[in-house]
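Just so you know, ligand 1 is whichever comes first in the structure, and atom 1 is the first atom listed for that ligand. Small disclaimer: the values here were computed from a predicted structure and weren't measured.
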Amino acid sequence: MTEIAVVHCGQLVPVSGPIVEDGAFVIRGGKVDWVGKTDEVPKGLEEFDAQGMVVTPGLVDAHTHTVFAGNRLDEFEWRSKGATYQEIAENGGGIRSTMNATRDCEDLKTQVKKHQLRLVRNGTTTFETKTGYGLKPELELQHLEVADAGVATVKKTFLGAHALPPEFEGNLEGYINALIEILPEAKKLGASAVDAFIEAGYFTPEVTRLYLQTAKKLGMEVHLHVDQLGPQKGAQFAAEMKATTADHLEYTDEEGIRALFVAGVTPVLLPASVYGLGKTKYPDAKAMMKAGLPFCLATDYNPGSSPTPSLPFVMGLACRYMGMTPAQALVACTSIPSQTLGLGDRKGSISPGFDADFVIWPYKDYREIAYWIGDVMPERVAIAGEFI
Ligand code: FE
């Protein structure tokens, strides 16, 4: 559809402005050209009737791990029988089990595409995705090459520092040095950011500082997994590194929140991983809102802690357990992540000049996207004005 008017949007939710009842918008050349009410639509255009349904911008997911193969069904079952994290690791579970499945996969490209299509089917039209299951320097680079399956707008992040691979057992520094050496190549392969898993038993600020500084010198941004499993002052480290995002933050206290605010770091909160691990300690979104710190909500789509591609599910968790309203949750899944990913002038809003990425939901009220549990699927998803 090079030129078309989408009409009779029961609620047109542009995100950047007020909801338009019986709204409409015009698409020209893959971009939004006009937004208003159905009875004001310019005459003579081909029309698509949204039949009174809710229309929002395509959702934007600022944190996913789609470059993997296999699943974690065994440990899912072990956990359901009461196995501890330690027991699961001893039985061969955890990141390394996905590393093995990913290394053994003969057609990783197909797997990545499958994961990314799942995101799109759930209403996500732009997302960040990470490597991190190759865990050999050369594999991490290869995984960057397949990280964009071409089904949506993708920002690639290099997450070599996800876990220590067996080849470098007992040699954390050696592994980090090997990663530092390939950062220029990672950048050439399209990684706009680096990431590290800062957690007890994984990577410390001390060991990753040079890796992150080197990436910054190359013009890459820094995203960091911090304070997920325990209070590590990871938020303060993200602030020190002037990271673009600090992700997780389940154990971040008010001091950490202040540090993020002062340094201009955007939190990316991942409640589905809390839920997925059967935990109850969600990040303190209320304290962040009180501090005036804008944040993203994201899925953390991965086979271990968060096997969900659904941002609507994440929005539902944020409304139920983190004190957010449906409107706040929608903003945290559209305009804020689009800005965080450097796409704030073309994604995350239905406004003139923006890409015509939008979702038609089979509802009358946009709050239903966060309200219903378990079957929230779009009626239609469009990217650059084309229905998928
Ligand atoms: Fe993650």
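- A salt bridge is absent between E21 and K37: the closest approach of a Lys/Arg side-chain nitrogen to an acidic carboxylate oxygen does not fall below 4.0 angstrom.
- Two rings, from Y275 and Y321, have their centers 6.0 Å or more apart.
- A side-chain hydrogen bond (donor to acceptor under 3.5 Å, both in side chains) with D61 holds for exactly one of T299, T126, T124; it is T299.
- Inspection of the environment of the Fe ion (ligand 1) yields the following protein N, O or S atoms under 2.8 Å: H63 NE2, H65 NE2, H225 NE2, D300 OD1.
- Tested against T66 for a side-chain hydrogen bond (donor to acceptor under 3.5 Å, both in side chains), the candidates Q116, K114, H115 yield a single pass: Q116.
- Taking the six-membered ring where the residue is Trp, the centroids of F203 and F197 are separated by 6.0 Å or more.
- Judged by distance alone, the side chains of T245 and T266 never bring a donor and an acceptor atom under 3.5 Å apart.
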